[in-house]
J.: 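Right, I'll just put the structure down here and ask away after.
Every heavy atom of this structure was used, including side-chain atoms; hydrogens, water molecules and symmetry mates were not. First the proteins, then the strands, lettered A, B, ... as listed; each starts at 1. The structure displayed is predicted, hence computed values, not measured ones.
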Number of protein chains: 2
Amino acid sequence: MANQLDSFFGAMADPTRRAVIERLASGPASVSELHKPHKMALPTFMRHLKVLEDTGIVRSVKKGRVRTCHIEAAPLIEAQGWLAWQREIWENRLDGLAALAHEISQKDQNDGT
Amino acid sequence: MANQLDSFFGAMADPTRRAVIERLASGPASVSELHKPHKMALPTFMRHLKVLEDTGIVRSVKKGRVRTCHIEAAPLIEAQGWLAWQREIWENRLDGLAALAHEISQKDQNDGT
DNA sequence: TCAATACTTAGCAACATGGCTAACCAACTT
DNA sequence: AAGTTGGTTAGCCATGTTGCTAAGTATTGA
């Protein structure tokens with residue numbers, strides 16, 4: 001995928017992967033620990049984990065035979081920022097339209113809000 | 001896809017579709033107007049538009065032969081809320097458990113993709 | 001050393017996605 | 001009426017994604 005947002009949103013489009021994020025938000029966990037609540041086969045689950053890691057949402061360290069995963073905030077913050085940005089533009093525009101509408105229909109309303 | 005977030009994030013994972021959102025954030029537009037800056041064939045583009053509409057991110061009305069599209073804020077706000085929620089949990093945890101972060105970074109990094 | 005644990009790799013099948021062209025309908029315009 | 005514009009439908013193909021199983025590697029524990 002082209003940029004950071006592509007892969008981030010792509011990663012978050014899957015419920016299994018969002019569940020992993022929700023779990024990791026409250027603290028690091030091993031692969032098998034993360035896998036436990038999910039019905040799918042381990043290799044399948046591992047691939048979801050890989051998607052999250054490739055996207056930079058999750059990092060992991062292997063110690064002995066256990067790989068411990070933890071969350072990385074940056075991509076999450078970036079996506080949130082993009083959404084906030086869009087929303088801001090949209091809301092400013094609405095403000096503008098509201099003002100315009102008010103201007104057009106300038107009646108004798110003199111309410112103070 | 002299962003829920004609202006699945007389809008929302010799925011929709012936002014494509015740069016063409018995000019570009020459409022960015023365009024629509026600053027005001028409604030017709031299909032061909034939206035299509036103009038994109039190189040792909042119109043039917044291909046229309047399918048992106050359909051994804052956005054199916055997800056509820058975009059609404060449209062057809063008048064004569066022109067279909068005018070506009071943005072719908074609700075799904076955007078919901079997704080932003082989910083991200084904010086995750087981030088909050090994550091940040092609260094960091095506030096309380098700075099020592100844990102230290103412990104993680106201290107581990108022997110003998111793999112790390 | 002042998003077995004269990006915790007991943008990891010490889011490869012396959014089914015379906016989804018994103019691109020295309022061709023051909024079509026509907027509504028203006030001339 | 002005929003042509004142009006704006007959108008739509010249908011179908012094809014290449015690639016990507018998500019699930020599986022089988023089998024392998026590397027630690028750890030007995």
J.: Does B:Arg47 make a side-chain N or O approach to OP1 or OP2 of D:dT9 shorter than 4.0 Å?
T.: no

J.: Among pairs that include at least one residue of residues 50-77 of chain B, which meet ring-ring contact (aromatic ring centres under 6.0 Å, His included), considering only residues two or more places apart or in two chains?
T.: none

J.: Check side chain to side chain contact (heavy atoms under 4.5 Å, CB included) between A:His48 and all other residues, then give those that pass, not counting sequence neighbours.
T.: A:Asp14, A:Thr16, A:Arg17, A:Met40

J.: Please give, in whole Å, the distance from D:dG19 C1' to A:Asp14 CG?
T.: 11 Å

J.: For DNA chain C, determine which residues of residues 18-46 of chain B have any heavy atom closer than 4.0 angstrom to one of its atoms, and list them numerically.
T.: B:Met40, B:Ala41, B:Pro43, B:Thr44

J.: Atom pairs under 3.5 Å, N or O on each side, protein against nucleotides 27-30 of chain C: can you list them with distances?
T.:
from: C:dA27; atom 1: N3; to: B:Arg65; atom 2: NH1; distance (Å): 3.3

J.: Please list all pairs meeting side-chain hydrogen bond (donor to acceptor under 3.5 Å, both in side chains) that have one or both residues in residues 50-62 of chain B, counting only residues at least two apart or in different chains.
T.: B:Lys50-B:Asp54, B:Glu53-B:Ser60, B:Ser60-B:Arg67

J.: Just jot down the salt bridge (charged side-chain N to carboxylate O under 4.0 Å, His left out) partners of A:Glu33, sequence neighbours excluded, or say none.
T.: A:Arg23

J.: Can you find a heavy atom in the side chain of A:Ile71 that is under 4.5 Å from one in the side chain of A:Leu52?
T.: no

J.: Could you list the residues that satisfy side chain to side chain contact (heavy atoms under 4.5 Å, CB included) with A:Pro75, not counting sequence neighbours?
T.: A:Gln4, A:Phe8, A:Ile57, A:Glu72

J.: Do the side-chain N or O atoms of A:Lys62 get closer than 4.0 angstrom to the phosphate oxygens (OP1, OP2) of C:dT8?
T.: yes

J.: How many Å lie between CZ on A:Arg67 and P on D:dT27, as a whole number?
T.: 12 Å

J.: Tell me the interatomic distance from B:Glu53, atom CD, to D:dG7, atom P, rounded to whole angstroms.
T.: 12 Å

J.: Roughly, in whole Å, what's the span from NZ in B:Lys50 to P in D:dG7?
T.: 17 Å

J.: A:Ser32: which residues meet the side chain to side chain contact (heavy atoms under 4.5 Å, CB included) condition with it, sequence neighbours left out?
T.: A:Ser30

J.: Strictly below 4.0 Å: does A:His48 bring a side-chain N or O up to OP1 or OP2 of D:dT17?
T.: no

J.: Counting only pairs under 3.5 Å, give me each side-chain donor-acceptor contact of residues 76-83 of chain A, with atom names and distances, residues two or more places apart or in other chains.
T.:
from: A:Gln80; atom 1: OE1; to: B:Arg87; atom 2: NH1; distance (Å): 3.0
from: A:Trp82; atom 1: NE1; to: B:Glu22; atom 2: OE2; distance (Å): 2.9

